[in-house]
Structure formats: structure tokens, C-alpha cells
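Down below is the structure, laid out as C-alpha cells.
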Amino acid sequence: MAYQKLTPRSENYSQWYNELVVKADLAEQSAVRGCMVIKPYGYAIWERIQAGLDARFKQKGVQNAYFPLLIPKSFLSREAEHVEGFAKECAVVTHHRLMNDPNGKGVVVDPNARLEEELIIRPTSETIIWSTYKNWISSYRDLPILCNQWCNVMRWEMRTRLFLRTAEFLWQEGHTAHATKEEAEDFAQQMLDVYADFVESVMAIPVLKGVKSPNERFAGALNTYCIEAMMQDGKALQAGTSHFLGQNFAKSFDVTYLTKENKPEYVWATSWGVSTRLMGALIMTHSDDNGLVLPPHLAPIQVAIVPIFKQQEQLDAILTKINPIADQLKALGIRVKVDTADNMTPGFKFAEYEMRGVPVRLAIGARDIENGTIEVARRDTLTKETLPIDGIVEHITALLEEIQANIFKKALDFRIANTRNCDSWEEFQTEIQKGGFLACHWDGTPETEEKIKELTKATIRCIPLDAPAEEGKCIYSGKPSHRRVIFAIAY
RNA sequence: CGGGAUUUAGUUCAGCCCGGUUAGAAUGCCUGCUUUGGGAGCAGGAGGUCGUGAGUUCGAAUCUCGCAAUCCCGACCA
């Protein structure tokens with residue numbers, strides 16, 4: 001038994017995470033620092049995230065498009081705040097040709113192939129998109145423009161972790177242009193709702209919907225909406241953002257339209273995105289010391305069926321029982337894998353499907369054939385029971401929904417249990433280190449937030465959209481406050 | 001950008017202090033037999049420019065110096 005268990009979460013949470021990502025076959029380190037290879041199983045999960053969101057975007061009238069990877073350097077300096085936010089982490093293309101090394105050692109950059117204007121590998125695409133939208137928009141009849149792109153972006157991070165923070169990552173970025181402020185602001189909120197609905201109902205990750213404080217706001221935005229999730233170690237993770245950009249980019253890139261009254265107006269903008277970071281959120285919300293735990297609505301394989309057999313004849317006999325079950329499940333749209341591989345023992349397969357988070361596992365052998373039974377194991381509770389084959393399809397259909405609901409509830413209960421009010425600065429300083437969300441009063445100034453961050457590493461994760469009005473005193477400055485905001489230590 | 005560590009088989013590592021036949025183990029892989037209800041067993045087999053460049057030496061995985069890459073912990077950031 002050379003097989004190694006994961007480091008338990010209680011022992012070293014971040015080591016547990018790193019091992020899980022690799023052992024569940026989701027991703028691995030690449031030859032390039034900070035960049036990851038997403039393996040087929042991990043990518044299958046990402047594809048399901050993509051498919052679910054993409055369908056929801058289209059219901060909102062959003063169309064997909066594609067804008068280039070490379071952005072002229074000059075574009076980035078058009079919006080001052082925006083460039084300040086990203087300048088430190090941009091990769092720059094300076095040359096367009098290689099040549100044989102005159103000293104005979106492979107290839108070198110051809111010094112004569114320097115670009116007239118350097119190109120930036122997109123850290124995000126606002127600038128290239130707005131320089132393009134300028135040409136697309138002339139009349140109120142051209143609005144709104146609702147575009148999204150699925151692509152990669154690059155931010156040269158000092159320190160990276162698979163999925164959570166990589167130098168290159170996959171995401172979608174939606175960019176919309178509207179005639180009025182109200183419409184843009186409303187659209188940004190609608191997209192936040194799309195994210196929250198998807199993340200909660202498909203990924204089973206409970207999220208807080210809120211607004212970012214000025215310090216945490218996207219560079220160049222007037223308002224940043226976000227969904228915040230709580231990981232099992234009590235840290236916060238921003239799972240998605242939607243920005244109301246006002247007219248900042250319209251003004252920087254001179255994007256105007258003519259109103260019905262034939263007056264030129266700047267357009268109003270939004271942008272919104274989620275990234276492969278959602279994979280990190282998924283892992284850290286549900287998984288346990290045995291590996292990944294996937295919500296059935298998202299799992300690439302929802303039901304794995306493991307026949308237990310000695311000879312081919314036995315397998316054939318078992319398959320006559322299994323195949324109809326698999327076919328019925330597939331007909332109901334359930335993703336099933338029948339694992340007939342004979343080079344792995346059943347025990348190995350059990351452990352493997354557990355590590356990969358497959359929600360339901362069925363096992364059936366000679367004993368079951370005699371008894372007309374099948375063993376059903378569920379990943380979320382790690383329990384198994386032997387049930388009659390009759391009615392198994394109905395049982396599984398219901399079980400998948402039960403698992404989906406159960407893991408969402410478990411995550412929600414955890415968040416509730418680890419969210420508390422805090423009204424004393426003394427208490428805050430010790431409580432915040434224990435993890436979880438602290439709902440506190442805040443005087444609304446960036447200075448106070450900055451100071452709190454400096455002293456405790458905690459930031460305001462969001463001002464919840466449903467935060468009730470409540471008079472109180474700022475946890476740090478004692479100045480008056482009208483509602484509680486959520487503080488936490490974040491990824 | 002600071003601090004620490006690592007670099008030898010596909011993977012995880014031993015060997016280095018104290019230089020010396022053909023560089024080892026486990027696991028994985030291939031072949032055969034036997035097995036299969038929680039990570040099976042036996043036998044055989046393939047697999048290595050010891051990160052890189054110099055130096056010391058009759059001789060370097062091992063000693064010296066340089067360089068690079070990666071990982072972890074901080075600072076910074078989605």
C-alpha cells in the first residue's frame with residue numbers, strides 16, 4: 001500500500017488544497033512559472049461552469065465575441081485609474097522574431113525585430129474593447145451592446161497557487177454599453193444575480209451579494225458588486241464581480257451616441273467576470289480529507305458504476321443488469337460512467353472515484369446478482385447501503401438532488417455558524433484571526449479600512465446588498481455608522 | 001521583492017558529511033500467471049546527459065565557486 005492519503009485539513013489546510021488539486025487530477029504545475037496545466041478532468045468541470053453560465057448570459061441577451069490577446073501599450077494609459085491597477089503585473093511583448101544564435105546555442109531574440117509600439121498581454125480587455133466599441137456606436141439605436149468573451153488573461157503575480165491565483169487564467173469578461181446610467185447600473189446588478197444564482201444552485205456554494213468598498217473596487221469602476229464565499233478555513237474568497245463603470249471608459253475612449261433628440265451623449269458601461277478561481281472556491285467549499293466533493297449539478301460524472309467480477313462471463317452477466325440501469329439514467333440526462341476496466345481492483349476504483357468527488361457510486365457483484373441488489377455509496381456522507389435493483393433509478397435521481405441540497409446546506413450552515421457581529425475593537429483583533437466573517441460597523445472612510453487592514457490583515461469583503469439599516473459606531477474610529485459591513489481575511 | 005528549502009528513473013525519495021567497479025529503493029509502466037465486495041500477489045522486463053556552467057582531482061551525483069529553475073512562508077494582488 002504505497003498509496004498516500006491527503007494531508008488532513010486540520011494539519012495543514014493549504015497543503016491539503018495543493019495535494020487535492022493534483023491527486024484529484026484537476027491540474028498540475030507547468031514548465032512555466034505560475035502557469036498551470038488544467039487536466040481533462042479539471043477542464044471538464046470548467047466546461048460545465050462555462051456551459052451553465054453561457055446559457056444564462058444568453059438568456060439575458062448577451063452575445064459572445066472575441067477580442068485580441070495583445071493590446072497596444074498606449075491603450076492602457078488612456079484610463080488613469082485603470083492603468084494604475086494593472087501596470088505592475090503586465091507582461092509586455094517587445095519583439096516579433098527569433099533568430100539562430102550566432103554562437104550556435106539555440107535561438108535568441110532578433111534585436112532588429114523590436115516592435116515600434118510594445119504590446120501588452122491583456123490583464124483584462126476594457127481598453128481594447130472600448131476602442132472597438134467606439135466604432136460600433138453612433139446612435140441610441142445601436143444600444144445596448146451586450147458582449148461577452150471567454151478567454152485567457154495574464155497578470156504577472158508574485159506568488160501563485162493552482163486555480164486560486166495563477167499568472168495566466170481562464171475567465172469570461174462581459175462588456176456592455178448602455179444609453180442610460182440606470183440601465184447600466186441595473187444590468188450590472190442583474191449579472192451579479194446571474195452569478196449568485198449559478199454559483200448557489202449549480203455549484204452549491206452559498207454567497208453573499210454585496211458592494212465593494214472604495215478600496216476594494218475595480219480600478220476604473222464607479223461601483224463594484226461582488227459575490228463573496230466563505231471557505232472551510234474561514235477565509236473569504238471573492239467568487240465573481242460585476243462593475244458599473246459609469247462613463248469612465250466612454251470618456252477615455254470617446255464613445256458617444258446620438259440621442260433621439262440628436263444630442264451627443266457618452267455611453268454608460270458595465271463589465272463583469274468570473275474565472276477559473278471558481279474551481280478553487282468549489283474545492284475549498286465542499287471537499288474533505290478523502291478528496292474532492294462535487295455537487296451533482298456540476299459533476300462531469302454523477303454516477304460511477306463499478307462491476308465486481310472475476311471472469312469475463314461474470315462481467316457479462318453483471319453488465320446485463322447494469323446496462324439497462326445506465327441507459328435509463330442517461331435517458332434522464334444523468335451523467336453515468338460504467339467502469340469495466342480490469343486492470344484496477346474495485347477497491348482502487350472506489351478510492352479513485354472518492355478522490356475525484358463523484359457524487360454517487362454503485363457497486364454490483366455476484367452476491368448482488370443473486371440477491372437482486374446493488375450497493376449505493378454517496379460521496380458527501382461517505383455512507384453506503386445495499387438496495388434492491390428494482391426502483392434504483394428513481395432512488396438515484398432523488399439521491400442526486402438530496403446530495404445537492406445537503407452539501408449546499410452544509411456550506412450554508414458553516415457560513416452562518418462562522419458569521420458573527422462584533423462591536424468591540426479589542427474583540428475584533430482576536431476574533432478576526434479565528435477566521436469567518438465579522439459583521440461590524442464602519443465609518444465609511446478608506447482611511448479606517450486601510451488602518452484596519454494594516455493592523456489585522458482583514459478587509460471589508462462587501463457591504464451586503466440586504467444589510468438592514470442599523471445605527472452604530474465604527475468598530476475602529478467610533479464614528480457613527482448606519483449599517484454593518486462584512487470583514488474577513490481573504491484569499 | 002525579502003526569508004527558507006529543493007533540484008538524482010514517469011512520480012516520491014535514498015546515496016553526498018567521509019570522492020573510487022555497472023548510481024539504488026519504493027511506486028508507476030510493460031509481459032506472463034494468479035487475483036478482484038475498500039488502493040491485491042508472484043516472477044521477469046524496460047526506464048537515468050545525477051538542474052546548469054566552470055574549477056579542484058588520476059577519478060566528481062559526492063568537494064569549491066557561479067548561474068538557473070521550482071516549491072514553501074511573508075509583503076503585494078482576483
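A note on names: the letters A, B, ... follow the listed sequences, proteins ahead of strands, and every chain is numbered from 1.
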The test is salt bridge (Lys or Arg N to Asp or Glu O under 4.0 Å); show your working for A:K453 and A:E450 and say whether it passes. CA-CA 5 Å; A:K453 184 178 180 184; A:E450 198 59 50; 5.4 Å; no
Working note: A:D193 + A:R56, criterion salt bridge (Lys or Arg N to Asp or Glu O under 4.0 Å); need CA distance, chi angles, decisive distance, verdict. CA-CA 10 Å; A:D193 290 340; A:R56 283 167 166 81; over 6 Å; no
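A:K384 has no side-chain polar atom (N or O) that falls below the 4.0 Å cut-off from OP1 or OP2 of B:G38. Residue A:K453 places at least one side-chain N or O closer than 4.0 Å to OP1 or OP2 of B:C77. Between B:U70 and A:Q29, no contact under 4.0 Å exists linking OP1 or OP2 to a side-chain N or O. Listed pair A:K310 / B:U35 fails the phosphate criterion, with no side-chain N or O lying under 4.0 Å from OP1 or OP2.
Within the 4.0 angstrom heavy-atom criterion, no nucleotide atom of any strand lies near A:T241. Across all strands shown, A:L164 has heavy atoms under 4.0 Å from base atoms, whether or not it also approaches the sugar-phosphate. Within the nucleic acid shown, A:R33 comes within 4.0 Å of sugar-phosphate atoms alone, with no base atom in reach, counting heavy atoms only. Counting non-hydrogen atoms under 4.0 angstrom, A:A366 reaches a base of the nucleic acid. Within the 4.0 angstrom heavy-atom criterion, no nucleotide atom of any strand lies near A:F218. Backbone-only contact: A:E89 has heavy atoms under 4.0 Å from sugar-phosphate atoms and none from a base. At a threshold of 4.0 angstrom between heavy atoms, the contacts of A:N18 are confined to the sugar-phosphate backbone, with no base atom among them. In this structure, A:R361 reaches the bases: a heavy-atom distance under 4.0 Å links it to at least one base atom across the strands shown.
Side-chain contact annotation: A:Y353 with A:D339, donor-acceptor N/O pair under 3.5 Å present.
Under the salt bridge (charged side-chain N to carboxylate O under 4.0 Å, His left out) criterion, the residue pairs touching residues 31-45 of chain A are A:D25-A:K39, A:E28-A:K39, with sequence neighbours excluded.
Along RNA chain B, the nucleotide nearest to A:T166 and the one nearest to A:K349 differ in position, and the one closer to the 5' end is contacted by A:K349. Between A:E375 and A:E168, the residue whose closest nucleotide on RNA chain B is further toward the 5' end is A:E375.
For RNA chain B, each stem of at least three Watson-Crick or G-U pairs (distances under 3.5 Å) is given as range with range: B:1-7 with B:68-74, B:10-13 with B:24-27, B:29-33 with B:41-45, B:51-55 with B:63-67.
If you take atom C1' in B:C18 and the same atom in B:C1, they sit 40 Å apart, rounded to whole Å. With both ends at atom C1', the span from B:C77 to B:A68 equals 26 Å, rounded to whole Å. Spacing of P atoms, B:U31 relative to B:A46, comes out at 15 Å, to the nearest Å.
Closest approach to the A:E354 side chain among B:C76, B:G38, B:C77 is made by B:G38 (side chain taken as heavy atoms from C-beta onward).
Residues A:K337 and A:Q302 are not in side-chain contact: their nearest non-hydrogen atoms beyond the backbone lie 4.5 Å or more apart.
For the side chain to side chain contact (heavy atoms under 4.5 Å, CB included) with A:R122, the qualifying choice from A:T127, A:L76, A:N152 is A:N152, the only one to do so.
For A:F187 and A:W268, the ring centers are positioned 6.0 Å apart or more.
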